[in-house]
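The chain is numbered in sequence order, starting from 1. Heavy atoms only: backbone and side chains are in, while hydrogens, waters and symmetry mates are out. Just so we're clear, the structure is a prediction, and the values are computed from it rather than from any experiment. Counting starts at 1 for both ligands and their atoms, following the listed order.
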Amino acid sequence: MEQDKTSAENLIKIDRYLISEDYGFVLPHPQTELPSYFDPWMEIASNLSQLIENCQLHSKVEKMPLLSTHALTDYKEQRLAHLALGFITMGYVWQEGSDKAQKVLPETLAVPFCKLSEILDLPPVLVYADCVLANWKKKDPFGPLSIENLDVIFSFPGGETSKGFFLVSLLVEMAAAPGIRAIPKIISAVLHEDVASLENALQDVTSSISKMQDAFKLIHGYVNPEIFFNTLRIYLSGWKDNPLMAGGLLYEGVWKTPREFSGGSAGQSSTLHCFDVLLGIYPNLECGSTAAYLQSLRDYMPASHRAFIQAIALGPSLRHFVLAAGNDSLQEAFNSCVSALVALRDYHIQVVTRYISIPAGKQKHRGCLFHNAVVTFPEKGTGGTSFMCFLKTIRDLTKKAQLLDV
Ligand SMILES: C[C@@H](C(=O)Nc1ccc(Cl)cc1)[C@H]1[C@@H]2C[C@H](n3cnc4cc(F)c(F)cc43)C[C@@H]21
C-alpha cells in the first residue's frame with residue numbers, strides 16, 4: 001500500500017543518518033579546535049609524533065589533568081575530542097613498539113575517553129570514523145578537495161606516509177558520496193517499480209565506484225609500504241586477540257578488569273559495507289565467521305551509519321526486483337555495478353598485498369635470518385591475514401552476485 005512505500009522511503013532518507021549529500025559518511029568540515037579548557041589534550045595530540053620520538057609522551061600523559069567532558073555538547077566537538085583522545089591512546093599504548101605495549105591506560109585518559117565513547121556509541125579505541133572521516137581540513141578554505149589542498153588534523157610517526165594513508169582513504173570515501181546519495185533513489189525506484197529511474201540511479205553508483213578506485217590509486221604516490229607496515233600500522237593496532245595483551249587494555253578508573261577492542265581497519269568503513277548490502281551480496285551469511293566478523297566491524301562505526309546499513313538490509317530486495325523485471329538494459333546496469341565493485345575489491349586486495357603481505361613476508365624472512373622474536377600477531381586491523389581472507393571472501397561473493405542471462 002502507498003503508506004508502506006512512503007514509510008519504507010522515509011526509513012532510508014540519508015539525512016536521518018548523519019550522512020551528507022556531498023560528503024557521504026565523511027564528517028563535513030570537521031571542527032579542528034576545542035575550548036581552551038581542553039588545551040592539555042590538544043597540545044599532546046597535535047605533537048604526538050614529536051613527543052613519541054623524544055620519549056616524552058608518557059610523562060606528558062601522566063601529568064595530564066583529569067578533565068570533565070561536560071562542556072563538550074556539540075556533535076562535532078565530541079567527534080574531535082574522541083579523535084584526539086584516540087590518537088593519544090594509540091600513541092601511549094604503542095610508543096615503545098608492538099612488543100612492549102602499555103597494559104594500563106591512566107585514568108586521566110581512560111575516564112574522558114570512555115565517557116565520550118559512551119556519548120558517541122563508539123568504542124574507546126581509535127576507529128576509521130575518527131582517523132579518516134573526522135581527521136581532515138582544507139589548507140586553503142577556498143581551494144579544491146584535492147590531496148594537495150587537504151591536511152590531517154592529527155597524525156602518527158611516519159610523517160607523509162601517515163598523512164597520505166588517511167587522506168587517500170578520505171578521498172575514496174568522498175568519491176563514494178554520489179553512490180551513497182543514489183541509494184534512497186534506488187530503494188524508491190524499486191518500491192514504485194520505476195525501471196528508468198532505477199537504471200539511472202544504478203549508473204550513478206557504478207560511476208561513483210569507479211571514481212573510488214581512481215582515488216584509491218593515489219595511495220602509491222603518497223604511502224610508502226615499508227613505513228606503513230613497520231611504523232604506521234603499529235599505531236593502528238588494537239588489543240583484541242592479541243597475545244601480548246591478554247584480556248586487552250586496563251582502562252583505569254573505568255573498569256576493574258582489562259577490556260579488548262580491535263584496531264582500526266578498512267573493514268570499519270561504512271561505504272565498504274553499504275554497496276554490498278544494496279546489491280544483496282551477503283544473502284546467506286546468517287552464520288559462519290564472515291557474518292560474525294562483518295557484524296563485529298559494524299560495532300566500530302558511528303551508530304547512525306550502522307543503522308543506515310541495517311535499513312538498506314531491511315529494505316526491498318533490489319536483486320529480486322531486477323531479476324523479476326526481466327529487462328535486459330536494467331540487468332546490464334545491475335551487472336556493471338557489480339563488476340565495478342569486483343574491480344574495486346580486486347584493487348583493494350592488490351593494495352593490501354603491496355602494503356601488508358609483501359612487507360610482512362620480508363620481515364619474516366629478516367626475522368628468521370637474525371633469529372630475533374619477530375612478533376606479528378594476526379591483527380584483524382589494517383590488512384592482517386584474516387582481513388585479507390575477509391577481502392577475498394567478499395570479492396568472490398561479489399563476483400557471484402552477477403545476474404546470469406535469464
Ligand atoms: C586505504 C585503505 C585503508 O585501509 N584505509 C584505512 C584503514 C584503516 C584505518 Cl584505521 C584508516 C584507513 C582503504 C581505503 C578504501 C576504502 N573503501 C571504502 N569503501 C570501499 C569499498 C570497497 F569495495 C573497497 F574495496 C574499499 C573501500 C577502505 C580504505
Side-chain angles (χ1 to χ4, degrees), residues 24-26 83 86-87 90 94 122-123 125-136 147 152 154-156 158 161-177 179-180 205-206 208-223 225 228-229 232-238 261-279 281-282 297 300-301 305 309 337-356 379-384 387-388 390-399 401:
F25 291 111
V26 171
L83 171 68
F87 265 86
M90 306 314 258
W94 299 117
L122 284 172
V125 64
L126 189 74
V127 294
Y128 187 89
D130 292 317
C131 59
V132 174
L133 305 180
N135 183 26
W136 68 278
I147 197 158
V152 290
F154 304 119
S155 66
F156 284 121
T161 278
S162 168
K163 266 174 58 176
F165 186 67
F166 297 137
L167 291 179
V168 169
S169 306
L170 177 76
L171 286 167
V172 174
E173 293 290 340
M174 284 183 174
I180 291 157
V205 175
T206 302
S208 175
I209 290 174
S210 56
K211 288 199 173 62
M212 288 169 69
Q213 189 164 335
D214 295 342
F216 209 162
K217 289 173 182 166
L218 287 165
I219 196 166
H220 299 290
Y222 287 87
V223 182
F228 169 79
F229 184 80
L232 178 60
R233 182 180 61 93
I234 310 307
Y235 287 99
L236 299 175
S237 303
F261 292 102
S262 299
S265 145
Q268 296 170 355
S269 157
S270 304
T271 313
L272 191 135
H273 292 244
C274 75
F275 293 135
D276 296 348
V277 175
L278 177 74
L279 298 170
I281 280 158
Y282 315 130
L297 290 168
Y300 287 71
M301 298 172 185
H305 297 174
I309 294 167
C337 202
V338 173
S339 310
L341 197 50
V342 171
L344 179 55
R345 294 228 179 280
D346 278 331
Y347 195 79
H348 197 171
I349 289 165
Q350 288 167 36
V351 168
V352 173
T353 304
R354 180 177 183 220
Y355 283 86
I356 301 271
E379 175 57 58
K380 287 188 174 174
T382 43
F387 183 63
M388 182 60 115
F390 164 70
L391 272 182
K392 287 181 174 170
T393 305
I394 54 175
R395 185 270 318 272
D396 295 343
L397 283 170
T398 311
K399 272 184 178 161

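Between Y355 and H220, the ring-plane angle classifies as tilted under the 30° and 60° cut-offs.
Residues F275 and L344 fail the side-chain proximity criterion, which asks for heavy atoms closer than 4.5 Å. Between V125 and M90, the closest side-chain pair of non-hydrogen atoms falls below 4.5 Å.
Closest to atom 1 (C) of ligand 1 by heavy atom, among G24, S169, A215, is S169. Between atom 27 (C) of ligand 1 and the options I394, L272, V132, V352, the minimum heavy-atom separation is to L272.
Contacts between V172 and ligand 1 below 4.0 angstrom, taking non-hydrogen atoms only, involve the side chain exclusively. Contacts of Q268 with ligand 1, taken as heavy-atom pairs under 4.0 Å, are absent altogether. When non-hydrogen atoms are compared, ligand 1 lies under 4.0 Å from the side chain of S269 (C-beta onward) but not from its backbone. Contact annotation: for L391 versus ligand 1, there are no heavy atoms closer than 4.0 Å. Within the 4.0 Å heavy-atom criterion, the part of F216 lying near ligand 1 is the side chain and not the backbone. By the criterion of a heavy-atom distance under 4.0 Å, neither the backbone nor the side chain of Y347 is placed next to ligand 1. Proximity of S265 to ligand 1, defined as any heavy-atom pair under 4.0 Å, is confined to the backbone N, CA, C and O atoms.
Short contacts between ligand 1 and E173, defined as distances under 4.0 Å to a heavy atom of the residue, involve ligand atoms 18 (C). Counting the atoms of ligand 1 from 1 in the order shown, those under 4.0 Å from a heavy atom of H348 are 13 (C), 24 (C), 25 (F), 26 (C). For ligand 1 and L344, the ligand atoms under 4.0 Å from any heavy atom of the residue are 21 (C), 22 (C), 23 (F), 24 (C), 25 (F). In summary, the atoms of ligand 1 found under 4.0 Å from a heavy atom of L341, numbered by their order in the structure, are 23 (F). For ligand 1 and G264, the ligand atoms under 4.0 Å from any heavy atom of the residue are 10 (Cl). Residue A266 approaches ligand 1 through these ligand atoms, each under 4.0 Å from one of its heavy atoms: 3 (C), 4 (O), 7 (C), 8 (C), 28 (C), 29 (C).
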CA sep, side-chain torsions, deciding dist, call: D346, K392, salt bridge (Lys or Arg N to Asp or Glu O under 4.0 Å): CA-CA 8 Å; D346 278 331; K392 287 181 174 170; over 6 Å; no
For a side chain to side chain contact (heavy atoms under 4.5 Å, CB included) check, start with the C-alpha distance between L341 and I281, then their side-chain angles and the critical distance, and finish with the verdict. CA-CA 11 Å; L341 197 50; I281 280 158; 4.0 Å; yes
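Ion pairing between R345 and D276 holds under the 4.0 Å rule for side-chain N and carboxylate O.
Y300 places a side-chain N or O within 3.5 Å of a backbone atom of S262 that can act as its donor or acceptor partner. Checking side-chain atoms of D130 against main-chain N and O of V127 turns up a donor-acceptor pair under 3.5 Å.
For F165 and F228, the distance between ring centers is under 6.0 angstrom.
For the residue pair H348 / R395, no side-chain donor-acceptor distance below 3.5 Å is found, with atom types taken as modelled.
Each of F166, F87, W136, Y235 was evaluated against F154; a single residue qualifies, F87, per the ring-ring contact (aromatic ring centres under 6.0 Å, His included) test.
Heavy-atom distances between F165 and ligand 1 reach below 4.0 Å in at least one pair. Residue contacts with ligand 1: C131 is included, with a non-hydrogen atom under 4.0 Å away.
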